[in-house]
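Following: one structure in structure tokens, then a few remarks.
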Amino acid sequence: MAKPTVGEVIRDAAQRLSASSDTARLDAEVLMAHALGTDRSTLLLRHMRDPAPEIFADLVERRAASEPVAYITGHQEFFGLPFIVGPDVLIPRGDSETLVEAAIAARPDARRVLDCGTGSGALLLAVLAKLPEARGLGIDRSPGALAVAAANARALGLDDRAEMLAADWHAPGWSEALAGSFDLVLANPPYVEDGAVLDTSVRAFEPAGALFSGPEGLDDYRVLVPQLPGLLAPGGVALVEIGHEQAEAVMAIGMDCGLASQLHRDLAGRARVVAFSVGNVSSG
Ligand code: GLN
């Protein structure tokens with residue numbers, strides 16, 4: 001019997017995955033491109049009649065068990081750049097591109113950038129890729145994440161301008177040596193409420209330490225935001241990603257520590273990023 005073709009097994013896989021994924025056909029194509037060591041457009045143009053590779057079935061099984069496509073392929077594009085990802089890091093979301101754009105617009109002249117909870121390094125490295133004069137520091141408490149971030153810095157040719165360091169903003173004094181240094185501070189901290197209902201692909205596969213932050217999802221903001229004035233250089237701006245219902249609460253935390261805030265929305269129009277700057281305090 002003739003071996004099934006790439007096109008045939010993609011069709012079957014899309015059918016099988018449609019029970020568990022909203023993007024079943026796309027998932028099947030991306031997994032097949034990965035199995036063939038090619039990209040999706042080359043797959044669609046040139047390989048649909050080739051015999052299907054055996055390994056594809058295993059990839060489809062993993063996806064059917066809700067594993068995110070990005071962990072199966074080990075890659076996710078973010079801000080037009082290819083990132084290595086794995087289970088130690090949150091998969092960069094399109095929503096977070098709002099933060100990168102806001103950061104670049106706020107301080108196109110930035111020289112020093114800090115990324116708190118850098119994970120894959122996506123926010124920091126995307127900003128550095130756009131701002132060739134800038135240097136950056138990514139901190140994370142997860143050694144596994146730091147290894148991924150460092151690998152991404154190397155792969156993107158940014159390792160001469162990006163340093164990755166083990167640090168935890170919950171540890172007193174962690175930033176003493178960094179005080180007043182940064183024109184931009186970026187952060188996508190954990191902000192999901194502990195009991196939140198999440199898709200299995202998120203809850204069962206993405207790192208809990210990058211997602212959950214107490215009963216209201218605000219615990220990390222309560223610790224990190226008060227540290228921002230001390231980290232920023234004069235004129236510096238801190239950009240913090242938020243859950244779309246957290247704007248008021250996070251801006252109030254900032255106000256309590258003398259920070260002025262500006263809200264940025266994502267492409268779906270949801271509140272997504274708060275930009276903090278040290279407010280002009282007029283005396284007298
Ligand atoms: N945007 C992520 C999600 O809801 C959460 C990211 C985070 O907690 N920093 O899946």
Side-chain angles (χ1 to χ4, degrees), residues 20-23 27 63 66-72 76-79 83 85-103 114-127 138-142 144-146 148-149 152 167-170 184-225 227-228 238-251 253-254 263-276:
S20 54
S21 169
D22 293 338
T23 52
D27 294 357
R63 181 68 190 124
S66 295
E67 186 169 350
V69 171
Y71 289 158
I72 303 174
Q76 175 66 45
E77 194 179 287
F78 177 75
F79 212 72
F83 282 90
V85 297
D88 284 323
V89 301
L90 200 71
I91 299 165
R93 313 285 206 263
D95 293 340
S96 303
E97 295 183 353
T98 305
L99 190 153
V100 175
E101 270 158 14
L114 173 68
D115 184 9
C116 294
T118 198
S120 65
L123 296 178
L124 178 66
L125 297 171
V127 168
I139 63 148
D140 209 290
R141 63 187 167 188
S142 155
L146 288 169
V148 175
N152 278 316
D168 180 355
W169 56 73
H170 295 275
L184 286 172
V185 176
L186 322 174
N188 179 9
Y191 57 70
V192 178
E193 319 88 82
D194 287 340
V197 179
L198 298 178
D199 202 84
T200 309
S201 66
V202 178
R203 183 174 279 282
F205 290 92
E206 298 203 69
L211 289 168
F212 299 108
S213 191
E216 305 150 297
L218 295 171
D219 286 8
D220 280 88
Y221 299 121
R222 290 184 177 124
V223 174
L224 181 59
V225 173
Q227 300 181 42
L228 297 174
L239 300 113
V240 178
E241 182 167 320
I242 58 167
H244 66 277
E245 290 174 332
Q246 293 172 322
E248 224 174 294
V250 174
M251 287 163 89
I253 296 169
L263 187 62
H264 295 266
R265 292 177 185 278
D266 61 25
L267 290 177
R270 289 169 306 205
R272 183 56 62 196
V273 172
V274 177
F276 287 118

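Every number for a ligand or one of its atoms is a count from 1 in the order of the listing. These numbers were taken from a predicted model, which means no experiment stands behind them. Note that these values count all heavy atoms, side chains included, but never hydrogens, waters or copies made by symmetry.
Residue Leu90 has at least one heavy-atom neighbour below 4.0 Å for each of these atoms of ligand 1: 6 (C).
When atom types are taken as modelled, the side chain of Glu206 and the backbone of Leu90 share no donor-acceptor pair closer than 3.5 angstrom. Between the side chain of Arg272 and the backbone N or O of Ile242 there is at least one donor-acceptor pair closer than 3.5 Å.
Here the options are Gln246, Arg222, Glu245, the test is side chain to side chain contact (heavy atoms under 4.5 Å, CB included), and the partner is Glu216; only Arg222 passes.
Here atom 9 (N) of ligand 1 lies nearest to Pro189 when heavy atoms of Ser213, Pro189, Pro190, Ala187 are compared.
At the shortest separation from atom 4 (O) of ligand 1 among protein heavy atoms lies Val192 CG2, 4.2 Å. Nearest protein neighbour of atom 8 (O) of ligand 1, counting heavy atoms only, is Tyr191 N, 3.1 Å.
For Ala210, the closest heavy-atom approach to ligand 1 falls below 4.0 Å.
At least one N or O atom of Arg93 sits closer than 3.5 Å to an N or O atom of ligand 1.
Between Phe78 and Phe83, the angle of the ring planes goes over 60°, which puts this pair in the perpendicular group of the 30/60° scheme.
Residues Phe276 and Val250 are in side-chain contact: their nearest non-hydrogen atoms beyond the backbone lie under 4.5 Å apart.
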